[in-house]
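Convention: sequence-line order gives letters A, B, ...; per-chain numbering from 1.
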Number of protein chains: 4
Amino acid sequence: MNVKDPTDKKERIIDAAIKLFSEKGYHGATTALIAKEAGVSQGIIFHHFKNKEDLFFSLLKEKCNFFMVEFRKKVGNEQNALRKIEIALLTYVHLVQKDKKFFEMLIMQTTGSGLDLEKINKYGMMEAFRIIGEIVKEGIQQGVIRKISPEVAATCIFGMMDYNVMNWLLFGENFSLEETSKQVVDIFLRGIAKTTI
Amino acid sequence: MNVKDPTDKKERIIDAAIKLFSEKGYHGATTALIAKEAGVSQGIIFHHFKNKEDLFFSLLKEKCNFFMVEFRKKVGNEQNALRKIEIALLTYVHLVQKDKKFFEMLIMQTTGSGLDLEKINKYGMMEAFRIIGEIVKEGIQQGVIRKISPEVAATCIFGMMDYNVMNWLLFGENFSLEETSKQVVDIFLRGIAKTTI
Amino acid sequence: MNVKDPTDKKERIIDAAIKLFSEKGYHGATTALIAKEAGVSQGIIFHHFKNKEDLFFSLLKEKCNFFMVEFRKKVGNEQNALRKIEIALLTYVHLVQKDKKFFEMLIMQTTGSGLDLEKINKYGMMEAFRIIGEIVKEGIQQGVIRKISPEVAATCIFGMMDYNVMNWLLFGENFSLEETSKQVVDIFLRGIAKTTI
Amino acid sequence: MNVKDPTDKKERIIDAAIKLFSEKGYHGATTALIAKEAGVSQGIIFHHFKNKEDLFFSLLKEKCNFFMVEFRKKVGNEQNALRKIEIALLTYVHLVQKDKKFFEMLIMQTTGSGLDLEKINKYGMMEAFRIIGEIVKEGIQQGVIRKISPEVAATCIFGMMDYNVMNWLLFGENFSLEETSKQVVDIFLRGIAKTTI
DNA sequence: CATGAATGAGCGTTCATTCAT
DNA sequence: CATGAATGAACGCTCATTCAT
């Protein structure tokens, strides 16, 4: 009667996978554990996903696509490059707060899992990286950003933001992610701006 | 006959471990592989280290202690906080370049390996983190750095530097780490300085 | 709407099963694969057959019964035992050529599949074996065949023929099964005949 | 103290494998069962053999090499091709009787296991097949064998012998393999000989 | 101290079979 | 009758760790 029933199970697998991947890492989260957490049999995971790696990357792909859409929606109307970056980063923070478990997984597994990093980047954050680089280029043309390498700038801001988020996810939550993020953005914008405001 | 033989073996294990952990990740580097690479028996690893995790953290601890000494030596005589930070970061870059394999391991395994992150930080970079925080505090007192959270600032600079180094380790080496690091330091210092220089 | 639909499906299952059993062996041919090849659901296989083994033996039984009828029809009118054997064997060759896939399955799975060999023989070739034995007995009574054990003779001819066919199925088809079969029959008949012709 | 101890375990694995492969087929003989039968842990199988398939082919290779040596030794001194064949076949029968379990495995798994038949032949009986073909050629040159295809003749004799042995292994042992084998050889030799003796 | 064969729990994955729809 | 998602026991195989030598 409920058409959503089958999807329901797939969704429960996805949720359980995100939870366990972030809590225990790629290797620590066994398929048996994921199945148990999702309340399904082990076998059904392999109906919906080719294998464990496919499960992992499916999560990544799906979520990241969704985020990119959000990203562009928010940034779209703004003209000033510095404002654009600010909006983009605060959007990122909001997404993190709304989808904590997923970002825990994403950041925790970005390296070290033994998974193909190129795939992680391809399905994951490469696009966001590229977008920030583009905005920096715009800012340089607009004359509001110093002549710096867009790639270096993008690397910087992702490093800053991710470490800040990581801190929050791991040790924090006793500080306001929003508050510290504003400080991070401030440091970055001052660091790249042509004139100090 | 040779008294140095056992130390020799331990060292060979350490070198092999660093090489394989960085190349294949914590899980990909099996103890059997490490023993083979080191040219020792599997069993002897467990004479020198309690278990695989202990081997990993021993590497971390030992190297990081060495780095901290280097760090303090270089920074020690400088008075100006901004210069101190600059020196600290460039020292970091030099250490990375001298000990690529180890940093590959450190950065690649910081997350995702399923290892206890608190332990990694404890034996690893927590100290460096604390040092940078201290310098930022000094800078604020000296009036050369804006009133910002030392923790946030430290988080930022480590994020920027590590992502920059990661890029270099993973995709790069076709760009100069030294050159991009200078840009990173520049962005950071401008971002936190009280007045633009 | 179409009354023949169910039979149709059963037949499609049978055809798919023969194809896949012969191509991939008993274990390689999964029920899921058979269902897909037949264009039916997995579940329906178990409406028509008790289980996978039952499916296998049903194929065997059905086909073999058909072959026995053919066999007797061809051999029926002949009086001379040696001629009878010759006809029987050439009939066998024609059946093989007409129904290659099935014999591929039969010969390939006669051993090694882990299936109960007694069952295979029971539903399969035991009858043919018995028939040849009978003809040999007749031949001995007629005085055209030496006093040999009918069972041994039957074993011989089936071994010769099957290995010849197996060669053809596996490696051959670049030689004429008909031509080599005639040589095989010739060797056998000379081997058992009372006087060389 | 006993240098043979490690080999002992490998040998116990080999014996258990031959026993179970022949009794239950390649798929029925699980590695767990083989380990249990051998009284060893599951893991150790994979110390000595790359994987299950390797275990199977190692058995084949080792034994078959040994048999080929025996074969040549026995046949070596004989000049007359017909006698050579007779000796070869009776040698085969003796080997079968001495090493029943192994031949049970060999014949049972020749087809149907889903294993690569070319490999089975390569490590297994291809060599014997070739040898018989050679002897037939000699016999034709000697003028004691009719002008027949050596390949067809070899196929015939292997088919006859194997089916006879199979009968004995499966149902028999209530008849003398030696006795029936002589009848088989007799039928074959008369079938291929130039003049009836 | 040193060895490496041995262990065995646990991994990801498969698949014949079932059953709610 | 028909479906195919769901099951779960069992598979081949791995690997950190142990221990007799």
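- The aromatic rings of D:F56 and D:Y26 sit perpendicular to each other, their planes meeting at more than 60°, with 30° as the lower class boundary.
- C:S41 meets the side-chain contact (heavy atoms from CB on, under 4.5 Å) test with C:I44; sequence neighbours excluded.
- Going from atom CG of C:L55 over to atom P of E:dT17 covers 10 Å, rounded to whole Å.
- Atoms NZ (A:K10) and C1' (F:dA6) sit 15 Å apart, rounded to a whole Å.
- One interatomic measurement links the two molecules: CD1 of C:I34 to P of E:dT14, which rounds to 18 Å at whole-angstrom precision.
- The distance from atom NZ of A:K36 to atom P of F:dA9 is 13 Å, rounded to the nearest whole Å.
- Distance, C:K24 NZ to E:dA16 P: 12 Å, rounded to whole Å.
- With sequence neighbours excluded, the residues that form a side-chain contact (heavy atoms from CB on, under 4.5 Å) with D:A17 are D:F21, D:I34, D:L55, D:L59.
- Listed by chain and residue number, nothing satisfies the side-chain contact (heavy atoms from CB on, under 4.5 Å) test with D:K36 (two or more places apart in sequence, or in another chain).
- Helical stems involving DNA chain F, defined as 3 or more consecutive Watson-Crick or G-U pairs under 3.5 Å, span E:2-21 with F:2-21.
- For C:E37, the side-chain hydrogen bond (donor to acceptor under 3.5 Å, both in side chains) partners at least two apart in sequence or on another chain are C:K19.
- The separation between D:R12 atom CZ and E:dA6 atom C1' is 11 Å, rounded to whole Å.
- Between D:E11 atom CD and E:dA6 atom C1' there is a gap of 18 Å when expressed in whole angstrom units.
- Every side-chain contact (heavy atoms from CB on, under 4.5 Å) that A:D54 has, sequence neighbours left out, goes to A:F49, A:K50, A:N51, A:S58.
- Per the geometry, CZ belonging to D:F56 stands 14 Å off P belonging to F:dG12, to the nearest Å.
- Because its NZ or CZ atom is not both nearer than 6.0 Å to the ring centre of D:F66 and within 45° of the ring axis, D:K61 does not count as a cation-pi partner of that residue.
- Screening residues 38-49 of chain B for salt bridge (Lys or Arg N to Asp or Glu O under 4.0 Å) gives no qualifying pairs among residues at least two apart or on separate chains.
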Item checked: Letter per nucleotide, 5' to 3', of nucleotides 7-12 of chain E [B base touched, S only sugar-phosphate touched, - untouched; heavy atoms, 4.0 Å] -> BB--SB
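- Applying the side-chain hydrogen bond (donor to acceptor under 3.5 Å, both in side chains) rule to C:D99 yields the partners C:K63; only residues at least two apart in sequence or on another chain are considered.
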